[in-house]
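Here's the structure we're looking at; comments come further down.
Keep in mind the model is a prediction, meaning the values are calculated, not measured. Whatever order the structure lists them in is the order used to number ligands and atoms, beginning at 1.
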Amino acid sequence: MSDGGIDLDELAAAYAYPERKPWLRGNMISSLDGAIRYKGNTGALGYDTDWQLMQRLRGLADVVLMGATTIREYTEYPAGAGALAVVSRSLELDFDGPLFTEAPAPPLIYTCESAPPDRLRAARARAEVLLTGEDSASIPAMLRDLDARGLHRQLCEGGPTVLAEIAAEGFLDELCLTLSPTIVAGAEPRILNGRAIDLQRMTLRHTIRDGDYLYLRYTKAE
Ligand SMILES: NC(=O)c1ccc[n+]([C@@H]2O[C@H](COP(=O)([O-])OP(=O)(O)OC[C@H]3O[C@@H](n4cnc5c(N)ncnc54)[C@H](OP(=O)(O)O)[C@@H]3O)[C@@H](O)[C@H]2O)c1
């Protein structure tokens, strides 16, 4: 695989948020056959430029949003992120780990009434916890709350389950996809996975090539 040595500033400049607020951008990488990872490892699909761009996109956003399964893979605060929002039912998160203890501000955790009380207590010691539903956090209520906090430019880094829920509720304004020059096969999930949605037509905003990698940016068709 080759990367073409694209200028990172030039690449990042193509990702300015639009004026409209709020705006929710998803950013994902997939193999040519649509897999989100190889043998459980998302990093296997990417390379340095993709990693650097992800950090730049975090810097452009007011808040970075992740599902609990994705954030459980992080041992440290996501590099380049300002505010962090996590959605979880179980609250099985390492609240004593650096992700929470070294966060620049307490992360926002969106959860539900059915969350285990002991986990709720642990979460509240390290994060701002919001209950936005009974058995699941309401995605629309979560996004309205982020907007009300002035966190208008939203970046969801997945995973596929949360991204599918966001799309199903009609909130996915934009999808940035890095197409990795790899074939994975097997049974790895797609970049949106789980909840079914009505067919969503998207409009291509840019295609940027870096060697064998493609950076695609689509917005929701009007
Ligand atoms: N290729 C890429 O660009 C990319 C990007 C991101 C992630 N990934 C990969 O994707 C995998 C994880 O994705 P995933 O789809 O399994 O999980 P995910 O979307 O990261 O997180 C799913 C979890 O989020 C919580 N959740 C989701 N909807 C909720 C709701 N409405 N209310 C409350 N909690 C809710 C639940 O957490 P609890 O379990 O705590 O209840 C659920 O188990 C990892 O392997 C990661 O490496 C790949």
Side-chain angles (χ1 to χ4, degrees), residues 24-47 49-51 53-55 57-58 64-75 78 81 84-95 99-100 107-116 118-120 122-123 127 129-146 155-172 174-184 186-197 213-217:
L24 194 149
R25 164 181 287 168
N27 181 41
M28 301 292 281
I29 186 168
S30 96
S31 67
L32 295 178
D33 55 326
I36 59 155
R37 57 191 181 199
Y38 173 65
K39 293 187 176 173
N41 179 13
T42 298
L45 304 185
Y47 68 123
T49 303
D50 168 67
W51 174 246
L53 178 66
M54 183 169 74
Q55 295 182 34
L57 294 191
R58 288 172 181 165
V64 176
L65 171 63
M66 292 192 210
T69 306
T70 296
I71 204 72
R72 278 195 274 267
E73 293 178 355
Y74 279 75
T75 49
L84 177 68
V86 176
V87 56
S88 173
R89 289 183 192 88
S90 70
L91 297 178
E92 285 298 334
L93 297 159
D94 181 10
F95 294 109
L99 180 71
F100 287 93
L108 300 164
I109 309 258
Y110 292 89
T111 187
C112 43
E113 310 281 349
S114 60
D118 59 325
R119 299 307 302 160
L120 262 178
V129 181
L130 299 114
L131 278 62
T132 62
E134 283 182 23
D135 296 322
S136 289
S138 155
I139 299 290
M142 171 178 74
L143 297 176
R144 277 196 301 272
D145 183 71
L146 291 175
L155 173 66
C156 180
E157 293 188 358
T161 305
V162 165
L163 211 49
E165 289 192 45
I166 288 171
E169 298 288 353
F171 287 94
L172 187 64
E174 176 181 333
L175 180 63
C176 298
L177 174 63
T178 304
L179 202 53
S180 161
T182 50
I183 291 175
V184 167
E188 297 291 0
R190 292 169 299 131
I191 59 169
L192 274 75
N193 206 44
R195 197 159 150 194
I197 67 167
Y213 281 84
L214 274 187
Y215 292 88
L216 306 174
R217 179 171 173 241

### Task
Look only at the side chain of T70 and the backbone of G159, and say whether a donor-acceptor pair between them is shorter than 3.5 Å.
yes
### Task
Look at the side chain of R72 and the backbone N and O of E92, then say whether any donor-acceptor pair between them is shorter than 3.5 Å.
yes
Suppose I only count heavy atoms of [X] and a 4.0 Å limit; which atoms of ligand 1 are within that range?
X: A68; value: 21 (O), 23 (C), 24 (O), 37 (O), 38 (P), 40 (O)
X: V87; value: 24 (O), 25 (C), 26 (N), 29 (C), 30 (C), 32 (N), 33 (C), 34 (N), 35 (C)
X: I29; value: 1 (N), 2 (C), 3 (O)
X: R37; value: 11 (C), 44 (C), 45 (O)
X: S136; value: 31 (N), 32 (N)
X: G159; value: 6 (C), 7 (C), 13 (O), 15 (O), 18 (P), 19 (O), 20 (O)
X: T42; value: 1 (N), 2 (C), 4 (C), 8 (N), 9 (C), 46 (C), 47 (O), 48 (C)
X: T70; value: 6 (C), 7 (C), 12 (C), 13 (O), 18 (P), 20 (O)

### Which segment of R72 sits under 4.0 Å of ligand 1 when only heavy atoms are counted
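Near ligand 1, R72 shows its side chain, while the N, CA, C and O stay back.
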#### Entry: Location of contacts on E157 toward ligand 1, heavy atoms closer than 4.0 Å
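Backbone only; the side chain of E157 stays clear of ligand 1.
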### Query
Is the count of non-hydrogen atoms from other residues, nucleotides or ligands lying under 6.0 Å from Y38 atom OH greater than 12?
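Result for OH/Y38: open.
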### Task
Classify the angle between the aromatic ring planes of Y213 and Y47 as parallel (below 30°), tilted (30 to 60°) or perpendicular (above 60°).
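Aromatic pair Y213/Y47 classed parallel.
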### Query
Does the side chain of D50 come under 3.5 Å of the side chain of Y215 through a donor N or O and an acceptor N or O?
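There is no such pair between these side chains.
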### Query
How about R89 and T111: does a side-chain donor come under 3.5 Å of a side-chain acceptor?
no
### Option nearest atom 38 (P) of ligand 1 (shortest heavy-atom distance, choices A164, S138, S90, A137)
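The option holding the nearest heavy atom is S90.
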### Task
Name the option, out of L192, L163, T178, T69, that contains the heavy atom nearest to atom 16 (O) of ligand 1.
T69
### Task
Go through R217 and E174 one step at a time and tell me if the salt bridge (Lys or Arg N to Asp or Glu O under 4.0 Å) criterion holds.
CA-CA 7 Å; R217 179 171 173 241; E174 176 181 333; 2.7 Å; yes
### Task
Please report which non-hydrogen protein atom sits nearest to atom 36 (C) of ligand 1, along with the residue it belongs to and the distance in Å to one decimal place.
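Of the protein heavy atoms, R89 NH1, 3.9 Å lies nearest.
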